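Just so it is clear, the structure is predicted and the values come from calculations on it, not from any experiment. First listed ligand is number 1; within each ligand, the first listed atom is number 1.
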Amino acid sequence: MTTDLSTTATGLFEKMRATNPLVHCITNYVAMNYAANVLLAAGASPAMVHTPEEAGEFAAIAGALTVNIGTLSPHWVEGMIAAAKSANDAGKPWVLDPVAHFATTYRRDTVARLLKLNPTVIRGNASEIIALGGGQSAGQGVDSGDPVEQAEEAARTLASAQKAIVAVTGEVDFVTDGTRNVRIAGGSDLMPKITAMGCSLTALVGAYTAIAKDQAFEATIAALTNFAVAGSIAAKSANGPASFMTAFVDGLHNLDAATFAGTARIEAL
Ligand SMILES: Nc1ncnc2c1ncn2[C@@H]1O[C@H](COP(=O)(O)OP(=O)(O)O)[C@@H](O)[C@H]1O
Ligand SMILES: Cc1ncsc1CCOP(=O)(O)O
Ligand SMILES: [Mg+2]
């Protein structure tokens, strides 16, 4: 554990819970319910708002925006673009989750349009980040087929090119701004067995960036650590993926700063 990073992450954990930030989530049909419950349990206030008629207006009100392309369609993409533009105009951070962006031309084109709108943070699994860097990933759909270490170089390159924070998640997470690099260990091997875990994490990254606008790197580390700590705790009582889902939400809700600080496994590289 790197003490400074752990202390900062714990401070941001306390601030996020005390602030209850409003997070504008444009996420997929699969994730909407679980992601909203995860944010509530963690101490944030989620709002799922995707239609272009209101997404732009709402992004200006919320503390942060998160955009996930999991189940996209033209009307939704219009809403994502309007929301990202509005977040930029209002000076609000926004987080991109490029779910399976390599799988189809429509997804690739949509992610290219969204990347032009300068996301503050890009959070994906290893296959998604490798493919964003132009590499050949083993992923086929929404689940990763690659280890995180294999995505680290692509993540650094992407972070520098986009001037964004890039988070690669998996067994041990990796966060980079192109210069600074951090690994976060913990969590549980049950986490990839539950759909929408990554999407929910993206929403929580939004919550942390909302309360630390000028510290997106530290905010991203704090969000990933929050998940790793709650995941480690949930794994102790879970019997499998279904009971893990509820134990994880309870773990987020019941977490205190001392346990967060004592369980965090953050390593600066
Ligand atoms: N094998 C694992 N061990 C511990 N934590 C994991 C493991 N795989 C994924 N996670 C955690 O699950 C969460 C979602 O990550 P991931 O599965 O990579 O996203 P996605 O669902 O988008 O593919 C992250 O908090 C990550 O650290
Ligand atoms: C199964 C599925 N299909 C389209 S989006 C989605 C959810 C993906 O969730 P996650 O990326 O968090 O595993
Ligand atoms: Mg995902």
Side-chain angles (χ1 to χ4, degrees), residues 9 25-39 42 48 50 66-73 76 80 95-104 106-107 110-111 121-132 137-152 155 166-175 182-208 220-236 238 241 244-245 247-249 251-252 263-267:
C25 305
I26 304 182
T27 191
N28 59 75
Y29 291 112
V30 185
M32 272 194 252
N33 182 276
Y34 194 65
N37 278 308
V38 161
L39 283 204
M48 279 44 191
H50 58 263
T66 70
V67 175
N68 172 302
I69 66 157
T71 51
L72 75 183
S73 61
W76 280 55
M80 293 171 187
V95 185
L96 175 63
D97 187 333
V99 181
H101 68 93
F102 46 77
T104 64
Y106 185 47
R107 276 171 196 268
T110 299
V111 160
V121 183
I122 302 164
R123 200 290 315 164
N125 63 41
S127 295
E128 288 158 350
I129 300 301
I130 290 168
L132 271 189
S137 83
Q140 292 183 302
V142 303
D143 297 322
S144 183
D146 300 280
V148 170
E149 308 83 74
Q150 217 153 299
E152 290 185 1
V166 176
V168 190
T169 55
E171 189 177 345
V172 176
D173 303 329
F174 177 75
V175 181
V182 164
R183 288 203 185 108
I184 298 144
S188 160
D189 57 8
L190 287 172
M191 292 170 92
K193 298 287 180 203
I194 295 151
T195 192
M197 253 308 160
C199 310
S200 304
L201 173 56
T202 296
L204 189 66
V205 173
Y208 275 89
T220 303
I221 293 167
L224 269 54
T225 304
N226 199 342
F227 251 52
V229 168
S232 303
I233 293 167
K236 290 181 190 157
F244 184 89
M245 280 178 76
F248 182 69
V249 174
L252 288 168
T263 316
R265 290 167 61 197
I266 308 169
E267 181 198 5

Atom [atom1] of [X] and atom [atom2] of [Y]: how far apart are they, to the nearest 0.5 Å?
{"X": "Asn226", "Y": "Thr263", "atom1": "CG", "atom2": "OG1", "answer": "11.0 Å"}
{"X": "Ser232", "Y": "Phe227", "atom1": "OG", "atom2": "CZ", "answer": "12.5 Å"}
{"X": "Thr66", "Y": "Asp97", "atom1": "OG1", "atom2": "CG", "answer": "8.5 Å"}

Practice item. Go through the side-chain N and O atoms of Asp146 and Ser127 and say whether any donor and acceptor fall under 3.5 Å apart. Key: yes
List of N/O pairs, ligand 2 versus protein, all under 3.5 Å?
| residue | atom | partner | partner atom | Å |
| --- | --- | --- | --- | --- |
| ligand 2 | 9 (O) | Ala196 | N | 3.3 |
| ligand 2 | 12 (O) | Ala196 | N | 3.4 |
| ligand 2 | 12 (O) | Met197 | N | 3.4 |
| ligand 2 | 12 (O) | Gly198 | N | 2.9 |
| ligand 2 | 12 (O) | Cys199 | N | 2.9 |

Study note, to complete from the structure: For Ala238 and Leu190, the nearest pair of non-hydrogen atoms, with its separation, is CB-CD1, 4.2 Å
Check your understanding: Are Arg123 and Glu128 close enough for a salt bridge, meaning some N to O gap below 4.0 Å?
Key ->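 Glu128 and Arg123: not salt-bridged.
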Revision key, fill the gap. Sorted by chain and residue number, the ring-ring contact (aromatic ring centres under 6.0 Å, His included) partners of Phe244 (sequence neighbours excluded) come out as Phe248
Exercise for review: Run through ligand 1 for me and note each protein residue having a heavy atom under 4.0 Å from it, chain first, then residue number.
Suggested key: Arg123, Asn125, Val142, Thr169, Gly170, Glu171, Asp173, Gly186, Gly187, Ser188, Asp189, Met191, Pro192, Gly198, Leu201, Phe227
Check your understanding: Hey, mind stepping through Val67 and Val95 against side chain to side chain contact (heavy atoms under 4.5 Å, CB included) and telling me if it holds?
Key -> CA-CA 6 Å; Val67 175; Val95 185; over 6 Å; no
Practice item. Can you sort out the partners of Arg107 under salt bridge (Lys or Arg N to Asp or Glu O under 4.0 Å), two or more places apart, ordered by chain and number? Key: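 Result, salt bridge (Lys or Arg N to Asp or Glu O under 4.0 Å) vs Arg107: none returned.
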